Amino acid sequence: MSSGDSKIPKTPYAETLPSTVDADMRTKVPQLSPVCALPYLKLGLVLTVDTPRPGCAFNHDPLKVHSGNQSDSSSGSSKKRLNVESPSFTPSSLPTNGSSTPKKTTTISPKAVSAAPFQPKSIASRSSTSTSSPSIRQEVASPDWTTVAEAQEFIPQAFDTTHVASLQANGGAGLASTTPFDPFAAVSAPLSAATAVCPVSANPYSHDAAAGLGGATFFASHGGFQPPAQYHLYAPIGPHSQNLLGYQRNVHDFFLPNDFREELQKKAAATLQVLPNTQLPAQVDYFHSLVPLDLNHQKNAAVFGFPSWVYKAQSSKDGNYYALRRLEGFRLTNEKAIRSVQAWKRVCNGSVVTVHDAFTSRSFQDSSLIFVTDYHPFSKTLAEQHLSTGNRFQARHNGHVPEQVLWGYMTQIANALKAIHSNGLAARVIEPSKILLTGKNRIRLNACAIMDVVQYDTQRSVADLQRQDLVNFGQMIVTLGANSPNILHNHTKAMEHFSRAYSPQLKNSVFWLLNGMQKDQDRNIDIFIAGISSQLISTFDSALHLDDQLTFDLGRELENGRLVRLMMKLNFINERPEYEHDKQWSENGERYFLKIFRDYVFHQVDTQGEPVVDMGHILACLNKLDAGTDEKITLVSRDEQNCFIVSYKELKKALESSFQALLKPTRRLP
Ligand SMILES: Nc1ncnc2c1ncn2[C@@H]1O[C@H](COP(=O)(O)OP(=O)(O)OP(=O)(O)O)[C@@H](O)[C@H]1O
C-alpha cells in the first residue's frame with residue numbers, strides 16, 4: 001500500500017475537492033457499522049467493520065483497506081474490530097483477483113441458469129454438440145476457435161492478389177517485392193483502379209445472406225436470457241494503473257486526464273472570451289462580440305495583397321462562434337468573384353478550415369471583405385509554432401522539427417489538397433502563417449477561398465493553380481524543416497540543409513513537389529498520395545491510437561453524467577420550501593427516507609464528529625441507489641431518536657415516485 005501511495009498523481013480537482021480526497025480514494029476507507037458497511041460496490045472493496053455508534057458514522061482509518069480474501073496479520077487491533085458475522089460483499093462479476101478462495105456464483109436466478117447462453121451463430125453449431133458443458137461461464141469464456149479456422153479464408157473485397165503478381169511481373173514498375181515503392185525516385189505508373197477491383201468474395205464472418213447489411217443480424221437479439229444492465233459496476237478498460245490491486249480505484253479513474261481536461265477548458269475559455277470597451281464595431285453584419293485574434297498590430301499585405309485581420313465573433317443567427325477574416329480596404333468590382341466562395345462551402349475536410357460565408361462590409365469605416373470560417377479556439381499558426389513569428393511562442397518551440405512530425409504535416413496537407421483539388425479548386429495559399437495548429441500535431445489549411453475572390457481575374461487555369469499548390473506545399477515543408485521563414489531566398493542552401501537533416505524518402509518527396517510545375521511527368525496530388533502511402537498508414541495508425549484513447553477517456557466520463565442526473569433528482573426532491581416549511585413534503589413517508597439518506601451519503605461524520613470527505617463513499621452509495629440493490633442500510637434521524645433499515649431498492653422506488661410527483665402539474669402528495 002505504501003509504495004503505491006507515492007505514485008498517486010495529484011488531484012486535478014483541487015479547486016473542487018479538499019486535498020485529502022484524492023489520496024483517500026484509495027487509502028481512506030472508513031469503517032462502518034454492520035448495516036451501513038459495504039458501500040464500495042462500485043469500487044469493488046470489502047471493508048473491515050466497526051460499530052462505534054448507530055449513526056453510521058465513519059470511524060476513519062485510512063490504512064484499513066482489505067480485500068475479502070486478504071488477511072491482516074500485522075494489525076491486531078483491526079482484527080479486534082472485525083465482526084466476522086458481518087456480511088461481506090462479493091460483486092457478482094468481479095474476478096477472483098488471483099485468490100484461491102472459491103466464489104459463490106448464486107447471483108443468477110434459476111430461470112436465468114436454464115436460459116440459453118449467448119453464442120455467436122458462427123460457432124453455435126460447433127458448441128451445440130458439446131451439450132455436456134458444465135456451466136454457462138465455461139461456454140462463454142472459451143469458444144472453440146477451431147470452427148473459425150475452418151471458415152473460408154478472408155480476402156478483402158477490393159484487393160486481388162493477382163493484382164500484386166501482375167505488378168511484379170510488369171518489371172516491378174509499380175510494386176517491387178524487396179524495395180519500397182518510391183514514385184519520386186523514378187517515373188511511376190499510378191495504380192489503376194480498374195485492375196484493383198476483383199470479384200466480391202464471401203465474407204467468412206457472415207452466417208447468412210443478410211450479413212451484407214453491416215452485420216446487423218449478428219447483433220440481433222438471440223431471444224434467450226438478457227442479463228440486466230449493471231451500470232453501477234465499472235468495468236476496467238485499459239490502460240491500467242500498475243500499483244493498484246484489482247479492487248482499488250483512484251479518483252483519476254473516473255474523470256478525464258488532467259491535461260486533456262485543461263486543454264478543453266482553455267478552449268472553452270477562449271471561445272467565451274469577451275473584450276469590454278473595445279473600439280471594434282459592435283456589429284458586423286450578423287456577427288457581434290468581436291475579439292481580435294492577431295498577435296500584433298503590424299499591417300501585413302504580403303499574402304493577400306491587402307492587410308488582413310482575424311476576429312472571433314458570435315453569430316446572431318445561430319449563436320455559434322466563428323472566425324472572421326477581414327481584408328482591409330478591399331473593393332469588390334466583380335460580383336461573380338464573391339460567388340466563387342459557394343464552391344468552397346462544399347469542401348468538408350478534416351484538414352481544411354471550413355469556409356461558411358463571405359461578404360463586404362462597411363462596419364470598419366472602410367470597404368472591407370469579410371470571410372467567415374470555423375473558429376478553432378486556442379490554436380496557433382505553424383509559423384508561430386516553428387518559425388518564431390508572433391511573440392507568444394518565441395524561442396520555446398523554435399527547434400528542429402522531427403521527421404515524423406513533418407510527415408504528419410505532409411499527410412494532412414495532402415489530405416486537404418486531395419479534397420480541394422477533387423472539388424475543382426486550388427488552395428492557392430499554402431504557407432506556415434496560414435496553416436492552423438488546432439491540437440497536438442493536428443493541422444488545418446486556413447485562409448482558403450480568399451485568393452479566388454481577390455485574384456478572381458487570374459488568367460491561370462485551375463490545373464495550373466493546382467500544380468502551383470504542389471510547389472507551395474514543397475516550399476512550406478522546406479521552410480519548416482529549416483526553421484527559418486526566409487530560407488527560400490537561398491534555394492541551394494535550403495536544399496542542402498534539408499538533405500542533411502532528413503531522410504532520402506522525405507527529401508525525394510519534397511523535391512518531387514518542388515518540381516510540380518515541370519512538365520517532364522504527370523504530377524498531381526493523387527500520385528503524390530500514392531507515393532507516400534507508407535507514411536499515410538503510419539499517420540492513420542496514430543489516428544486510430546488517438547481514437548482508442550479518446551474512447552477510453554469518454555468511458556471514464558460516461559457514468560458521471562448518470563450520477564449527476566441522480567444527484568439532480570435527489571436535490572429536486574429534498575427540502576422543498578414550498579411545502580409548509582418542508583414538513584408535509586419531506587418529514588413524512590418515503591421522502592423522509594430520502595432526506596436522511598442524503599445525510600447518509602454526503603454528511604457522514606467520524607467518531608470525533610469530524611466530517612468525512614470521501615468521494616468513494618458517495619460514488620458507491622449513488623451507484624447502488626441507481627442500481628436499486630437489495631442491500632440494506634441503516635438511516636438515522638438527525639436527532640438520533642429514529643432509526644430505519646431500508647434497502648437501496650426501496651430508496652430507488654421512493655426517488656422515482658417522488659420525482660414523478662414533482663413532474664405532475666397539480667401535485668398531490670400521495
Ligand atoms: N479560424 C481560426 N480560428 C482560430 N484562430 C484563428 C483562425 N484563423 C486565424 N486564427 C488565429 O489568428 C491569428 C492571426 O492569423 P493570421 O492568419 O492573420 O496569421 P498572421 O501570423 O497574423 O499572418 P499575417 O502576418 O499574414 O497576418 C493567429 O494567431 C491564428 O492562430
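Just the heavy atoms: all of them, side chains too, but no hydrogens, waters or symmetry mates, feed the values below. Just so it is clear, the model here is predicted, and its values are computed rather than measured.
Checked by atom type, the side-chain pair Arg562/Asn623 shows a donor-acceptor distance below 3.5 Å.
Atom OG1 of residue Thr373 and atom OH of residue Tyr322 lie 10.0 Å apart, to the nearest 0.5 angstrom. Here CG of Leu437 is found 12.0 Å from CG of Asn446. Values are rounded to the nearest 0.5 Å. Asp357 contributes atom CG, which lies 5.0 Å from atom NZ of Lys345 (distance to the nearest 0.5 angstrom). The CG atom of Asp374 sits 9.5 Å away from the CG atom of Asn320 when rounded to the nearest 0.5 Å. Remark: Lys595 NZ to Ile573 CD1 distance equals 14.0 Å, nearest 0.5 Å. Distance CZ/Phe659 to CE/Met568: 10.0 Å, rounded to 0.5 Å.
Atom CG of Asn277 has 12 or fewer heavy atoms from other residues, nucleotides or ligands within 6.0 Å. Residue Lys653 qualifies as open at atom NZ: its count of foreign heavy atoms under 6.0 Å is 12 or below. Counting non-hydrogen atoms of other residues, nucleotides and ligands closer than 6.0 Å to CZ of Phe572 gives a total of 12 or fewer. Residue Lys649 places its NZ atom among 12 or fewer non-hydrogen atoms of other residues, nucleotides or ligands, all under 6.0 Å distant.
Residues Thr438 and Lys267 come closest through the heavy atom pair O-NZ, 3.0 Å. For Gln314 against Gly319, the heavy-atom pair with the smallest separation is NE2-O, 3.0 Å. Considering every non-hydrogen atom in both Ala313 and Phe287, the closest pair reads CB-CB, 3.9 Å. Residues Asp626 and Leu566 approach most closely at CB-CD2, 3.8 Å, considering heavy atoms. Here the closest heavy-atom approach between residue Tyr648 and residue Leu625 is recorded as CD2-N, 3.5 Å.
Here the two rings, on His356 and Tyr375, have centers that are 6.0 Å apart or farther. Ring to ring, Phe644 and Tyr592 are close: their centroids are under 6.0 angstrom apart.
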Practice task
Start with the C-alpha gap between Asp614 and Gln604, add the side-chain angles, then the distance that decides, and say whether side-chain contact (heavy atoms from CB on, under 4.5 Å) holds.
Solution key: CA-CA 9 Å; Asp614 188 326; Gln604 297 265 358; over 6 Å; no
Exercise for the section: Could you check Gln549 against Asp553 for side-chain contact (heavy atoms from CB on, under 4.5 Å), going step by step and ending with a plain yes or no? Expected result: CA-CA 6 Å; Gln549 181 62 42; Asp553 292 340; 3.2 Å; yes
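The shortest side-chain heavy-atom distance between Val601 and Leu570 does not fall under the 4.5 Å cut-off.
The closest donor-acceptor contact from the side chain of Asp606 to the backbone of Glu610 lies under 3.5 Å. When atom types are taken as modelled, the side chain of Thr278 and the backbone of Leu275 share no donor-acceptor pair closer than 3.5 angstrom. Using modelled atom types, no side-chain atom of Gln283 and backbone atom of His288 make a donor-acceptor pair closer than 3.5 Å. For the pair Ser637 (side chain) and Asn642 (backbone), a donor-acceptor distance under 3.5 Å is present. Of the possible donor and acceptor atoms, one in the side chain of Lys312 sits under 3.5 Å from a partner among the backbone N and O of Thr271. Glu631 places no side-chain N or O within 3.5 Å of a backbone atom of Thr629 that could act as its donor or acceptor partner. At least one donor-acceptor pair closer than 3.5 Å links the side chain of His617 to the backbone N or O of Tyr600.
Ion pairing between Lys652 and Glu656 fails under the 4.0 Å rule for side-chain N and carboxylate O.
A cation-pi arrangement, defined by a distance under 6.0 Å to the six-membered ring centre and an angle within 45 degrees of its axis, is absent between Lys266 and Phe378.
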